[in-house]
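Positions are given from 1, in the same order as the sequence printed here. Just so it is clear, the structure is predicted and the values come from calculations on it, not from any experiment.
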Amino acid sequence: MTKRLKIEKGSGNVFLDIGFPPEEAQNLLMRADLMFEIERYVKKSGLTQKEAAKRLGVTQPRLNLLLKHKIELFSLDALVNMVARAGMQVKLTVKKAA
């Protein structure tokens with residue numbers, strides 16, 4: 001006897017799908033997106049962690065925490081500042097929920 005798995009379409013926000021309240025899920029998704037962009041910047045830059053951290057305005061240990069995906073340690077504000085120091089621009093789109 002084989003078990004059938006029920007597949008459910010996701011909402012587009014993994015944090016919402018695993019049970020976070022909607023407002024927290026949105027915050028976590030935005031932080032995850034910013035962390036991903038910072039990580040991509042660091043990898044593409046060719047800089048050492050120490051050099052990248054200096055450019056981003058943080059210490060090397062703090063950057064290391066970001067690269068280890070410690071999302072709970074970073075606010076949206078801090079991540080937006082790091083993205084700006086990396087020479088990128090953050091744009092926010094607000095729309096009515098589905």
Point to revise | With sequence neighbours excluded, residues passing side chain to side chain contact (heavy atoms under 4.5 Å, CB included) with Phe36 | key: Arg40
Exercise for review: Could you list the residues that satisfy side chain to side chain contact (heavy atoms under 4.5 Å, CB included) with Pro21, not counting sequence neighbours?
Suggested key: Glu23, Glu24
Review point. Which residues pass the side chain to side chain donor-acceptor pair (under 3.5 Å) test with Thr48, sequence neighbours left out?
Key: Glu51
Result block: side-chain N/O donor-acceptor pairs under 3.5 angstrom for residues 63-73, not counting sequence neighbours:
from  : atom 1 : to    : atom 2 : distance (Å)
Asn64 : OD1    : Lys68 : NZ     : 3.4
Asn64 : ND2    : Gln49 : OE1    : 3.3
His69 : NE2    : Glu39 : OE1    : 3.0

Side chains of residues 74-94: which donor-acceptor pairs under 3.5 Å do they make with residues two or more places apart or in other chains?
from  : atom 1 : to    : atom 2 : distance (Å)
Ser75 : OG     : Ala78 : N      : 3.0
Asn81 : ND2    : Asp77 : O      : 3.4
Arg85 : NH1    : Leu56 : O      : 3.2

Check your understanding: By side chain to side chain donor-acceptor pair (under 3.5 Å), which residues pair with Arg62, not counting sequence neighbours?
Key -> none
Practice item. Step by step, work out the side-chain contact (heavy atoms from CB on, under 4.5 Å) result for Leu28 and Arg31. Key: CA-CA 5 Å; Leu28 285 165; Arg31 287 191 285 165; 3.0 Å; yes
Review point. Under the side chain to side chain contact (heavy atoms under 4.5 Å, CB included) test, which residues partner Gln26, sequence neighbours left out?
Key: none
Throw together a table of side-chain donor-acceptor distances under 3.5 angstrom for residues 11-19, partners on residues two or more places apart or in other chains.
from  : atom 1 : to    : atom 2 : distance (Å)
Ser11 : OG     : Asn13 : N      : 3.1
Ser11 : OG     : Asn13 : O      : 3.2
Ser11 : OG     : Asp17 : OD1    : 2.7
Asn13 : OD1    : Phe15 : N      : 2.8
Asn13 : OD1    : Leu16 : N      : 3.3
Asn13 : ND2    : Ala25 : O      : 3.0
Asp17 : OD1    : Ser11 : N      : 3.2
Asp17 : OD2    : Ser11 : N      : 3.1

Check your understanding: Can you tell me how far the CD1 atom of Ile38 sits from the CG atom of Asp33, to the nearest 0.5 Å?
Key -> 11.0 Å
